[in-house]
Asker: 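Encoded as structure tokens, here's the structure I'll be asking about.
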Amino acid sequence: MEEKNLQWFPGHMKKAQRLIQENLRLVDLVIELLDARIPASSQNPLLREILGDKPRLIVLNKSDLADRKSVDAWLKNFRDENIPAVAVDAVKGTGLKSLISHAKELAAPKTNKFARAGAKPRSARLMIVGIPNVGKSSLINRLAGANHVKIENRPGVTRAKQWIKISDGLDLLDMPGILWPKFDDAEVALKLSWTYAISDEIHDLEPTVTKLLMTLAEKNPAGLRERYKLAELPDDAHELLNLIGRKRGCLVKGGDIDIEKVLRLVLNEFRAGKLGRVTLDEP
Ligand code: G4P
């Protein structure tokens, strides 16, 4: 990673962090959206500091792209640490009922407190935060669904905020809180790059994709073999790239492999989940 690419980084991070901090007081709990393929690398350790004792629900999104057993292992891992966690697919809407019931349960101490004081019990309020591309907007849209009821100008709130009623007794702040990924570790940076949480400009395409292929060949070789109709996977990443290039007709004039095209193809197909389910961080 080159230094120059990191220069814009602190400013963005500070601004995003400030926005989350400003809105934190409006909610009873925070959903931390993680990528189920990289539940460790998609965390931002800063969040814990920002949240203080605000209840947090971990939601493993894109669980349709992760290895099933690893999703269960990660959920168990978080729950063993007393952190409530659920797995969802924000595109298909899998797991949302469980997300809603966990969120209500987590907010109950707060909302019940209001009820006991004789005031009208109010809805629980939540906010969704996560690194870029983890699926925040998809989840907000999916939760909003047909129920796109917006409640504006809450009393006591200085600036108008958009709220969406996502179920009886549960309101969602219509603002994806962008957390900056933490990628000072090269290995973490690679995983964030593969899953497109950080821009492709940060890495050189070739080493990024050859390392991805090697990792996939180790973690889910069947996924690669099936996708590219290969009886066997060669040990060498460049050989593999050439094979894929031939199979998929990524050629330049004269019949040589268009390596740039193969690299992009593999990366895009991985991101679209076409190379099989895989989890890249183990608990
Ligand atoms: P963000 O707000 O956190 O930045 O993420 P956003 O919702 O924009 O989602 C980023 C990409 O991830 C989108 O794909 C979205 O469809 C996809 N995505 C979100 N949740 C899931 C999930 O649970 N499973 C799978 N398989 N994909 C998910 P895109 O290609 O950028 O856009 P689109 O053409 O699919 O809309």
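We count ligands from 1, going down the list as the structure has it; atoms in each ligand are counted the same way.
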Asker: Going by a strict under-4.0 Å cutoff (protein heavy atoms only), does atom 14 (O) of ligand 1 have a neighbour on the protein?
Answerer: no

Asker: Would you say atom 7 (O) of ligand 1 has a protein heavy atom nearer than 4.0 Å?
Answerer: yes

Asker: With side chains defined as the heavy atoms from C-beta onward, is the minimum distance between L216 and L212 less than 4.5 Å?
Answerer: yes

Asker: Checking a contact table here: which protein heavy atom is nearest atom 4 (O) of ligand 1, and how many Å away?
Answerer: N133 N, 2.8 Å

Asker: Would one find more than 12 heavy atoms of other residues, nucleotides or ligands at under 6.0 Å from atom CZ of R68?
Answerer: no

Asker: May I ask you to list the residues sharing a hydrophobic cluster with V91, side-chain cutoff 4.5 Å, ordered by chain and number?
Answerer: none

Asker: Is atom 32 (O) of ligand 1 touching the protein, meaning some protein heavy atom lies under 4.0 Å away?
Answerer: no

Asker: Is there at least one protein heavy-atom neighbour under 4.0 Å from atom 22 (C) of ligand 1?
Answerer: yes

Asker: Enumerate the atoms of ligand 1 whose separation from the nearest heavy atom of L65 is less than 4.0 angstrom.
Answerer: 26 (N)

Asker: For atom 27 (N) of ligand 1, what is the closest protein heavy atom, and at what distance to 0.1 Å?
Answerer: V91 CG2, 3.7 Å

Asker: Ignoring hydrogens and geometry beyond distance, is a side-chain donor-acceptor pair present between T195 and K62 at under 3.5 Å?
Answerer: no

Asker: List the closest protein heavy-atom neighbour of atom 12 (O) of ligand 1: residue, atom name, distance to the nearest 0.1 Å.
Answerer: K62 NZ, 3.0 Å

Asker: Can you report which non-hydrogen protein atom sits closest to atom 9 (O) of ligand 1, along with the distance?
Answerer: S138 OG, 3.5 Å

Asker: Any protein heavy atom under 4.0 Å from atom 36 (O) of ligand 1?
Answerer: no

Asker: How far is atom 5 (O) of ligand 1 from the closest protein heavy atom, and which atom is that?
Answerer: G135 N, 3.1 Å

Asker: Protein non-hydrogen atoms only, distance under 4.0 Å: does atom 2 (O) of ligand 1 have such a neighbour?
Answerer: yes

Asker: Indicate whether atom 29 (P) of ligand 1 is within a distance of less than 4.0 angstrom of some protein heavy atom.
Answerer: no

Asker: Tell me: protein heavy atom nearest atom 24 (N) of ligand 1, and distance?
Answerer: D64 OD1, 2.9 Å

Asker: By number and element, which atoms of ligand 1 are closer than 4.0 Å to a non-hydrogen atom of A90?
Answerer: 20 (N), 22 (C), 23 (O)

Asker: Within the supplied structure, the quantity of interest is the number of heavy atoms (other residues, nucleotides, ligands) at a distance under 6.0 Å from D80 CG; does it exceed 12?
Answerer: yes

Asker: Check each heavy atom of D89 against ligand 1 and say whether those closer than 4.0 Å belong to the side chain, the backbone, both or neither.
Answerer: both

Asker: Kindly check if the number of other-residue, nucleotide or ligand heavy atoms within 6.0 Å of CD (Q21) is above 12?
Answerer: yes

Asker: Take atom CD of E232 as the centre, draw a 6.0 Å sphere, and report whether it contains more than 12 heavy atoms from other residues, nucleotides or ligands.
Answerer: no

Asker: Can you tell me how far apart CG (D89) and CG (L96) are? Round to the nearest 0.5 Å.
Answerer: 8.5 Å

Asker: Can you pull out the closest protein heavy atom to atom 20 (N) of ligand 1? Residue, atom name and distance to 0.1 Å, please.
Answerer: N61 ND2, 3.0 Å

Asker: Is it the case that the side chain of S193 and the backbone of A189 share a donor-acceptor pair, with hydrogens and angles ignored and the cut-off at 3.5 Å?
Answerer: no

Asker: Output the distance between atom CG (L267) and atom CH2 (W194), rounded to the nearest 0.5 Å.
Answerer: 10.0 Å

Asker: Could you say whether the N/O atoms of P132 and ligand 1 ever approach to under 3.5 Å?
Answerer: no

Asker: Only distances under 3.5 Å count here; give the side-chain donor-acceptor pairs of residues 237-244 to other protein atoms, sequence neighbours excluded, each with its distance to 0.1 Å.
Answerer:
residue, atom, partner, partner atom, Å
H238, NE2, E206, OE1, 3.4
N242, ND2, H238, O, 3.0

Asker: Between R142 (side chain only) and K92 (backbone N and O only), is there a donor and an acceptor less than 3.5 Å apart?
Answerer: yes

Asker: So is there a nitrogen or oxygen of V134 less than 3.5 Å from a nitrogen or oxygen in ligand 1?
Answerer: yes

